[in-house]
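Quick note: residue numbers are just sequence positions, from 1.
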Amino acid sequence: MEKLLSIKEIVPDMQDWSCKVIVQEKQQITQSLSTPTKKQKLIFVDTEGSKVEGIIFNHDISRVGPILQVYKKYKITNAVVRPIDSKYQTAELTMQWILTSKTVIEEDADDEDIMPVKFNYTQFTDLAQYVDRKDKSVAAYCLHVRSQAVMLSMWDDFIKNEGQQIIAEIGNYPVIICRRLKVNNYNGVALSTWFDSAILVDPPVQEARELKNWAIRNTKLLAAIIDEKSYIKYNPQISAKPDQKTILISNVRPSQKNIWVKARFSFQHIFQKYWYMSCKKCCRGTAAADGVIFMCNTCKEKHPAQPRCRFDMDLCDDTGAITASVFGEQAEKLLKFTALEIMDHFKQNIELPLEAVHKELESKWFLIHIKPVQAQMSDAKQRYTVIYYSELLNSDAVDSPAESKNAESKNPTLLIELQSDTADIVTSATTPSQETKPASKARQCLTQKLELLADEANNTSRSVSEGSKKKSRLM
């Protein structure tokens, strides 16, 4: 009887060996940036739980790749064995089998239907710490949190492979285990594939089967989650931690993508419109009239136009201030007016009664999640978008600048939890001009006043642009 070796027993330069393995995952075909070499990687696991990386190059991909299917068992004989480069090794993977058209691969029919592998799952609530990180050590995610939802975006070949497989099985509640995903700062936390990600659809592991059984028993709950579309809304339970670390306003930089600050809100000195007309679907600005159904140039769909609240405000702490825009429901909560009410005031040339709001905000501090606006504003001033905010219990929760530099932020008590529906759009000509007189003293129509401010902003923008061109020629 032929003697089979385990993965651990197979070493480089070994001849005449065979090993039974299960294909745990099969990655997409990738190409090197510096050479025309194409490759496809796989991960094999044996009955002991040991793992080895398989790799196929160039023309052998079309010959060998289709033979090896995920979750199936094979006997592999005499592949070329070599160590993985030390800088790419992990605790589980140190050796690599090079599979060619000469490698002997035989499918093994086995009654065993549970894959002998254990995954280290990352909870949804722990994903925020990996936002936009480049290090690949945080490599395993399981989409298995039963009361929360996170959006996963697939790209390139994942769409036609795993994506189509998921769609075909959607009525049977497919369970997926995702490895090496990218964590993005979209509505707080979102996931997406990149070149070496792996998505295992309905893998034969115990945890996946338990989750599928749970899904079948809780169809109404899943239907409610889908109807609420909670996956496209900001979820503070996932994105905000009880001991959320913050930075001082003076240390905020446009290059930072995931920014948390503790600050006060101030916008009494900013003369602005407080609303814009938007597409009901994508929230982008439009010139269509309220209620008119139009073809949106952004989402390419027909939807009615509707007013949406939006305004600028300064975020201030003891070290400085930055300007940020707040949108939608979050903006309405601060103003205590709906977008429709704000639009009606504007059209009747009536100033919004915000004196009480400004007075109330003078003594309040907030925990705020912001992101930089990539597009340059008309006044050449860097702006930010408020993704989420929550009111702090009292000013004692705010550190002094010295304390913030030498210690981690204290645990804030959250009093308000708001859903964010932000959009990176600027449709009204607003500018934080200190020279603008209070709106209560303005006798011109609000529209005319805003047009004047827009002209001033455009003139400033031209001056800055010309200055930057002169500097660029000197460099």
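In terms of modelled atom types and a separation under 3.5 Å, the side chain of Thr193 and the main chain of Trp155 share a donor-acceptor contact. Panel note: side chain Lys262, backbone Ile247; no donor-acceptor pair is recorded below 3.5 Å. Checked by atom type and distance alone, the side chain of Gln40 pairs as donor or acceptor with a backbone atom of Gln27 at under 3.5 Å. Judged by distance alone, with hydrogens and angles left aside, the side-chain atoms of Gln24 form no donor-acceptor pair with the main-chain N or O of Tyr71 at under 3.5 Å. Under the 3.5 Å distance criterion, the side-chain polar atoms of Thr219 are left unmatched by any main-chain donor or acceptor of Ile216. A donor-acceptor contact shorter than 3.5 Å links the side chain of Lys300 to the backbone of Asn297. Counting only distance, with no hydrogens or angles, the side chain of Asp314 and the backbone of Ser266 share no donor-acceptor pair below 3.5 Å.
No side-chain heavy atom of Trp365 sits less than 4.5 Å from a side-chain heavy atom of Cys316. No side-chain heavy atom of Cys296 sits under 4.5 Å from any side-chain heavy atom of Lys280. At least one side-chain heavy atom of Ile166 sits under 4.5 Å from a side-chain heavy atom of Met154. Phe119 places a side-chain heavy atom less than 4.5 Å from the side chain of Leu200. You'll find the side chain of Leu222 reaches within 4.5 Å of the side chain of Trp214, heavy atoms only. The closest side-chain heavy-atom distance from Tyr274 to Met343 is not below 4.5 Å. With contacts defined as side-chain heavy-atom distances shorter than 4.5 Å, the pair Tyr121/Glu207 qualifies. In this structure the side chain of Val373 reaches within 4.5 angstrom of the side chain of Thr385, judged on heavy atoms.
Residues Pro174 and Glu169 approach most closely at CD-O, 3.0 Å, considering heavy atoms. Across every non-hydrogen atom of Ser197 and Phe158, the tightest pair is O-CZ, 3.3 Å. Nearest heavy atom pair, residue Arg310 against residue Ala331, reads N-CB, 4.5 Å. When all heavy atoms of Val386 and Ile368 are compared, the pair lying nearest together is CG1-CG2, 4.0 Å. Closest heavy-atom contact between Arg180 and Asp196: NE-O, 2.7 Å. Of all heavy-atom pairs between Pro203 and Ile177, the closest is CG-CD1, 3.6 Å.
Residues satisfying the side chain to side chain contact (heavy atoms under 4.5 Å, CB included) criterion with Ala288, sequence neighbours excluded, are Thr286, Phe294, Ala305. For Gln306, there are no side chain to side chain donor-acceptor pair (under 3.5 Å) partners, not counting sequence neighbours. Glu332 meets the side chain to side chain donor-acceptor pair (under 3.5 Å) test with no other residue; sequence neighbours excluded. Contacts of Asp126 classified as side chain to side chain donor-acceptor pair (under 3.5 Å), with partners at least two apart in sequence or in another chain: none.
Taken from CD in Gln165 to CD1 in Ile176, the straight-line distance is 10.5 Å, to the nearest 0.5 Å. To the nearest 0.5 Å, atoms CD (Gln256) and CD1 (Ile370) are separated by 8.5 Å. Note: Lys302 NZ to Met295 CE = 5.5 Å, rounded to the nearest 0.5 Å. Taking CD of Gln89 as the start and CD of Glu53 as the end, the distance is 10.0 Å to the nearest 0.5 Å. Atom OH of residue Tyr384 and atom OG of residue Ser325 lie 12.0 Å apart, to the nearest 0.5 angstrom. The NZ atom of Lys26 lies 9.0 Å from the CG atom of Asn161; values are rounded to the nearest 0.5 Å.
Here ring pair (Phe, Tyr, Trp, His ring centres under 6.0 Å) pairs that include residues 235-268, with residues two or more places apart or in two chains, are Trp260-His369, Phe265-Phe366, Phe265-Tyr389, Phe267-Phe311, Phe267-His358. Within the structure, the ring pair (Phe, Tyr, Trp, His ring centres under 6.0 Å) test picks out no pair touching residues 162-184 (sequence neighbours left out).
The closest side-chain donor-acceptor pair between Glu162 and Gln28 falls under 3.5 angstrom. Side-chain contact check for Asp312 and Thr323: no donor-acceptor pair (N or O, by modelled atom type) lies under 3.5 Å. Ser278 and Arg284 form no side-chain donor-acceptor contact under 3.5 Å, judged by distance and modelled atom types alone. Side-chain atoms of Ser192 and Asn184 include a donor-acceptor pair closer than 3.5 Å.
Heavy atoms from other residues, nucleotides or ligands lying under 6.0 Å from NZ of Lys39 number 12 at most. Residue Asp227 qualifies as enclosed at atom CG: its count of foreign heavy atoms under 6.0 Å is above 12.
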Next on the checklist: Applying salt bridge (Lys or Arg N to Asp or Glu O under 4.0 Å) to Arg264 and Asp317, what does each step give before you reach the verdict?
Outcome noted: CA-CA 6 Å; Arg264 296 186 302 271; Asp317 66 8; over 6 Å; no
Next on the checklist: Using the rule given for side chain to side chain contact (heavy atoms under 4.5 Å, CB included), can you reason through Asp290 versus Leu340, listing the C-alpha separation, both sets of side-chain angles and the distance that settles it, and then say yes or no?
Outcome noted: CA-CA 10 Å; Asp290 182 27; Leu340 185 59; 4.3 Å; yes
Item to check | Derivation and outcome, side chain to side chain contact (heavy atoms under 4.5 Å, CB included), residues Thr338 and Ile342 | outcome: CA-CA 6 Å; Thr338 66; Ile342 296 169; over 6 Å; no
Checklist entry - Asn235 and Val189: side chain to side chain contact (heavy atoms under 4.5 Å, CB included), yes or no, with the steps? => result CA-CA 8 Å; Asn235 186 345; Val189 167; over 6 Å; no
Next on the checklist: Quick one, Met313 with Leu315, criterion side chain to side chain contact (heavy atoms under 4.5 Å, CB included). Give me CA distance, side-chain angles, the key distance, then yes/no.
Outcome noted: CA-CA 7 Å; Met313 58 186 178; Leu315 314 185; 4.3 Å; yes
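With respect to the salt-bridge test (charged N to carboxylate O, under 4.0 angstrom), the residues Lys364 and Glu360 qualify.
Across Leu248, Leu367, Ile249, a single residue satisfies side-chain contact (heavy atoms from CB on, under 4.5 Å) together with Val261, and that is Ile249.
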